[in-house]
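Everything numeric in this text was worked out from a predicted model, so none of it was measured.
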Amino acid sequence: MTSLRMDMGEGKGEEKEKGIIAHFPPLIAAQLDYLLTRSPLPIKVEQVSYGSRNARYADRFTLLLPCCLDYIKWDVIYNSQYPWAAPDIIFGLDDDNFQPLSFTGEGQETSQSIWGIFCDWKIKDPSGLLRLILELRVFHIMLQMEASQLNCDNYCCMRIQLRGLEICLLSGIERPDAVKFAVPLLDLDLSNILVGYPLRHHLQIFLQVIFPVRKRQSEMPSAPQLKLVASTTLKELFDIEDVTLPVWLDGMCMAEYIPNLEENLRAQVSEAIASVNSRRLFIEALVPHFGRPLEAETVFCRRVSILAASGNFSFLVHLTLPIQFPKQQPILTFQSSQHFDSQGMPITSRLYADYPWSPRWDVSEMTQRIFEFIVEECVNFKKFCSDALQLHR
């Protein structure tokens, strides 16, 4: 559908990143730009600040680093007067015991790798900051896994050994209250329907599992809290909130639970992808009745706007196509191009979802019925616009 415009969902984020990078001296800016554009993880930057009141450039910021389906905050502090020096990394309040440069034992090899990045620091190599942050994150997750095994009973440890998960402790007053797992489920390849869409990161669905820590060994293990998590982009394709999770039975472990869940998810994702193709055919079928759309979202095909006219009255019709299309019908909104309220905003109708519809119709029948509904309803909408103008005078 080359005639339709595609919304570039990440464009605003890129503009924001460029605005942040502009605050830094060139050498530091190059490192930060490389981190934001090349990171395999959706890292965010906030709280940009200056080392002194009269400094020309900023030289410190806070990184929001994804970890176990949440974010941890680390402060990165350069010196704008000596930008060629490696930065200091200040870890969060919950990471008081995280000392990656003075570690001995099983993680010593990773610790030495972090040392090597500092010792070989070359400011003109823009990849340095990203390599450092990723190594520190790997080390942080490894220590969280070890701490989980020390603080949890065998019932939880059995699950830690199942696969390479991300794990963290949820802190209590005296000891951890719970252990949280981020279980990667489906790693989705949507290249067939996301052609040309600017994706930096993998689209994946995760299962968040929170096991409460038993206070006494004699206690029966409680069922975990379960929740599906997906990226914002995936929510345009697949409504994760509509998925009914299988029941967790007494004595069950994740190795038993996950296969059934993944099978269910695959079936629902396949259905969602088929719905994208149906929505695309529906948008194309609008053309014989209304001409080419004024605007359409052509990746997931969720929104389309068309121009309609009745005599000398012209108006827009905005169609929102649900994820469950064609089981659920499009939502229509009329917008006048000739009537405006006292604030200068176009007068719009209510949401229409009460017109004739059947998911068994082919797309030509669907669009024909919508066309007939618009022809009938536009008379009422024109009167509604005229009455609204009288109220605003």
Side-chain angles (χ1 to χ4, degrees), residues 39-44 63-74 91-92 94-95 98 100 107 110 130 133-172 176-190 199-213 221-235 237-246 248 252-266 268-269:
S39 172
L41 304 169
I43 299 175
K44 301 179 182 179
L63 285 182
L64 275 68
L65 201 62
C67 184
C68 207
L69 303 180
D70 204 343
Y71 283 93
I72 54 177
K73 293 186 177 183
W74 292 350
F91 305 113
D94 294 334
D95 292 323
F98 184 42
T110 306
L130 177 59
I133 294 300
L134 293 180
E135 285 282 357
L136 287 170
R137 180 181 178 276
V138 168
F139 198 42
H140 182 273
I141 291 174
M142 183 188 72
L143 295 183
Q144 285 284 309
M145 293 178 68
E146 291 183 0
S148 299
Q149 290 174 324
L150 291 174
N151 286 278
C152 299
D153 49 58
N154 292 332
Y155 182 74
C156 283
C157 287
M158 286 167 54
R159 288 149 184 79
I160 293 174
Q161 297 166 3
L162 286 176
R163 59 164 72 193
L165 314 175
E166 287 190 11
I167 304 171
C168 67
L169 294 171
L170 302 181
S171 300
D177 285 333
V179 179
K180 182 167 76 170
F181 296 73
V183 185
L185 297 176
L186 302 184
D187 193 355
L188 302 176
D189 180 10
L190 302 180
L199 286 176
R200 292 184 185 175
H201 312 294
H202 290 298
L203 298 177
Q204 193 158 32
I205 299 174
F206 292 86
L207 176 66
Q208 175 181 285
V209 185
I210 299 178
F211 281 102
V213 175
S222 303
Q225 300 175 31
L226 303 169
K227 179 182 177 182
L228 288 175
V229 180
S231 66
T232 302
T233 301
L234 268 180
K235 292 176 183 177
L237 168 72
F238 180 64
D239 194 347
I240 210 77
E241 302 297 332
D242 288 344
V243 177
T244 301
L245 291 172
W248 183 280
M252 181 176 276
C253 68
M254 284 198 287
E256 298 170 306
Y257 185 83
I258 289 174
N260 290 334
L261 174 59
E262 285 189 319
E263 183 178 352
N264 183 26
L265 281 175
R266 282 194 184 92
Q268 295 192 48
V269 169

If you round to the nearest 0.5 Å, how far is [atom2] of [Y] from [atom1] of [X]?
X	Y	atom1	atom2	result
Asn260	Leu245	CG	CG	12.0 Å
Glu263	Ile258	CD	CD1	14.0 Å
Lys44	Lys73	NZ	NZ	10.5 Å

- Query: Does Phe206 have any ring-ring contact (aromatic ring centres under 6.0 Å, His included) partners at least two apart in sequence or in another chain, and if so, which?
  - Reply: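 Residues passing ring-ring contact (aromatic ring centres under 6.0 Å, His included) with Phe206: none at all.
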
Set of side-chain hydrogen bond (donor to acceptor under 3.5 Å, both in side chains) partners for Lys180, sequence neighbours left out:
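Partners of Lys180 under the side-chain hydrogen bond (donor to acceptor under 3.5 Å, both in side chains) test: none.
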
I'd like to check the side-chain hydrogen bond (donor to acceptor under 3.5 Å, both in side chains) partners of Gln268; sequence neighbours left out, ordered by chain and number.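 Gln268 satisfies side-chain hydrogen bond (donor to acceptor under 3.5 Å, both in side chains) with Asn264 only.
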
- request: Please name all residues satisfying side chain to side chain contact (heavy atoms under 4.5 Å, CB included) with Glu256, sequence neighbours left out, ordered by chain then number.
  value: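 Residues passing side chain to side chain contact (heavy atoms under 4.5 Å, CB included) with Glu256: Met252, Cys253.
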
Problem set entry | Partners passing side chain to side chain contact (heavy atoms under 4.5 Å, CB included) against Leu65 (at least two apart in sequence or in another chain) |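 Leu65 satisfies side chain to side chain contact (heavy atoms under 4.5 Å, CB included) with Ile43, Ile72, Trp74, Ile133, Arg137 only.
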
message = Tell me the closest heavy-atom pair linking Leu226 and Tyr257, and the distance in Å.
response =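 For Leu226 and Tyr257, the tightest heavy-atom pair comes out as CD1-OH, 3.4 Å.
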
*What heavy-atom pair brings Pro66 and Tyr71 nearest, and what distance separates the two atoms?*
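Smallest heavy-atom distance, with atoms named: N-CD2, 3.6 Å.
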
For a side-chain contact (heavy atoms from CB on, under 4.5 Å) check, start with the C-alpha distance between Leu228 and Leu207, then their side-chain angles and the critical distance, and finish with the verdict. CA-CA 5 Å; Leu228 288 175; Leu207 176 66; 4.0 Å; yes

- [ ] State, yes or no, whether a side-chain contact exists between Val229 and Ile240 at a heavy-atom distance under 4.5 Å.
- [x]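 A side-chain contact under 4.5 Å is absent here.
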
